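Have a look at the structure below before the remarks.
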Amino acid sequence: MRYLPPMTRPIRNPLLAPGAAIIAAFSASPALAAGASGPAEAVLISPLSLVNTEDLDFGTLISGALPGTATIDASTGARSVTGGVVAAGGTPKRAEFVGIGTVGLLTLVSMSPSPILTNGSGGTMPTALVMEGGTGLRLLPGTGVQTFRVGGTLTVGGSQAVGTYSGTFTVTVTYF
């Protein structure tokens, strides 16, 4: 029989074996992680451009027996109604366009004729749109960024046909 010094003798303790197996099991398992992805967005625009950032929305309206109007104030975005029109919620808001250019740059701001809103069934409602500060010549302010806000008045007929009405208009900024 050969003699092994105490430092090299194998451990044969039956009480340590289960603990060693548990430690080995945890140390052999890979680490688990959970992940999720989320969107990230950016809009990069070039100088001398114009971007529509908000759409004009007169909100939800109820037409009475009498005609009336719904107006979105171009300066504040507030909605008011007259005549037989009742405001019934929705998200009324003014349109906003943002123009970018060089500080002090001369611009000519114009807008297409006011649209007639239509629904899919042939119903129509005329609008009279206005731009905050009016159209015409302007200088870009010290930031080089100019916001153009558009509101207006929607004429609603007495007992106007129900439905979703829509139309389009264009704001143009010419940079000099």
Side-chain angles (χ1 to χ4, degrees), residues 37-176:
S37 60
E41 295 180 355
V43 176
L44 182 62
I45 60 174
S46 64
L48 309 182
S49 60
L50 182 68
V51 177
N52 174 229
T53 57
E54 289 287 341
D55 293 334
L56 177 61
D57 189 343
F58 289 95
T60 303
L61 305 167
I62 299 172
S63 170
L66 298 175
T69 63
T71 300
I72 301 294
D73 186 282
S75 297
T76 66
R79 174 178 65 183
S80 60
V81 295
T82 65
V85 177
V86 176
T91 311
K93 59 187 172 189
R94 63 191 172 188
E96 288 189 351
F97 298 81
V98 176
I100 310 295
T102 306
V103 174
L105 190 66
L106 183 63
T107 62
L108 176 61
V109 182
S110 61
M111 190 166 55
S112 65
S114 297
I116 295 176
L117 304 187
T118 61
N119 69 6
S121 303
T124 63
M125 291 189 287
T127 63
L129 302 186
V130 294
M131 181 176 293
E132 178 185 38
T135 58
L137 293 174
R138 295 187 188 189
L139 290 176
L140 282 178
T143 60
V145 177
Q146 177 80 48
T147 301
F148 305 97
R149 295 178 178 96
V150 177
T153 300
L154 174 69
T155 301
V156 181
S159 301
Q160 181 78 40
V162 298
T164 300
Y165 288 75
S166 63
T168 60
F169 66 97
T170 302
V171 170
T172 302
V173 177
T174 304
Y175 297 90
F176 299 100

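Remember, it's a predicted structure, so these values are computed and weren't measured experimentally.
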Applying side chain to side chain contact (heavy atoms under 4.5 Å, CB included) to Arg79 and Ile72, what does each step give before you reach the verdict?
CA-CA 5 Å; Arg79 174 178 65 183; Ile72 301 294; 3.6 Å; yes

Evaluation steps, side chain to side chain contact (heavy atoms under 4.5 Å, CB included), between Arg138 and Phe148:
CA-CA 11 Å; Arg138 295 187 188 189; Phe148 305 97; 3.3 Å; yes

Are Val145 and Val98 close enough, and set up right, to give a side chain to side chain contact (heavy atoms under 4.5 Å, CB included), and what steps lead you there?
CA-CA 7 Å; Val145 177; Val98 176; 3.6 Å; yes

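Across all non-hydrogen atoms, the minimal contact from Pro92 to Gly89 is CD-O, 4.0 Å. Between Val109 and Thr135 the shortest heavy-atom distance is O-CB, 3.1 Å. When all heavy atoms are compared, the tightest approach of Leu56 to Ala95 is N-CB, 3.6 Å. Between Ala74 and Met131, the shortest heavy-atom contact is CB-C, 4.4 Å. Between Ser63 and Gly157 the shortest heavy-atom distance is OG-O, 2.9 Å. Closest of all the heavy-atom pairs between Arg94 and Glu54 is O-CB, 3.8 Å.
In summary, of the residues considered (Leu48, Leu105, Val103, Ile100), a side chain to side chain contact (heavy atoms under 4.5 Å, CB included) with Leu140 occurs for Leu105 alone. For the pairing with Tyr165, the side chain to side chain contact (heavy atoms under 4.5 Å, CB included) check across Thr127, Ile116, Leu61, Leu117 returns one residue only, Leu117.
At distances below 3.5 Å, not a single donor-acceptor pair connects side-chain atoms of Ser112 with backbone N or O atoms of Phe169.
Residues Thr168 and Pro115 fail the side-chain proximity criterion, which asks for heavy atoms closer than 4.5 Å.
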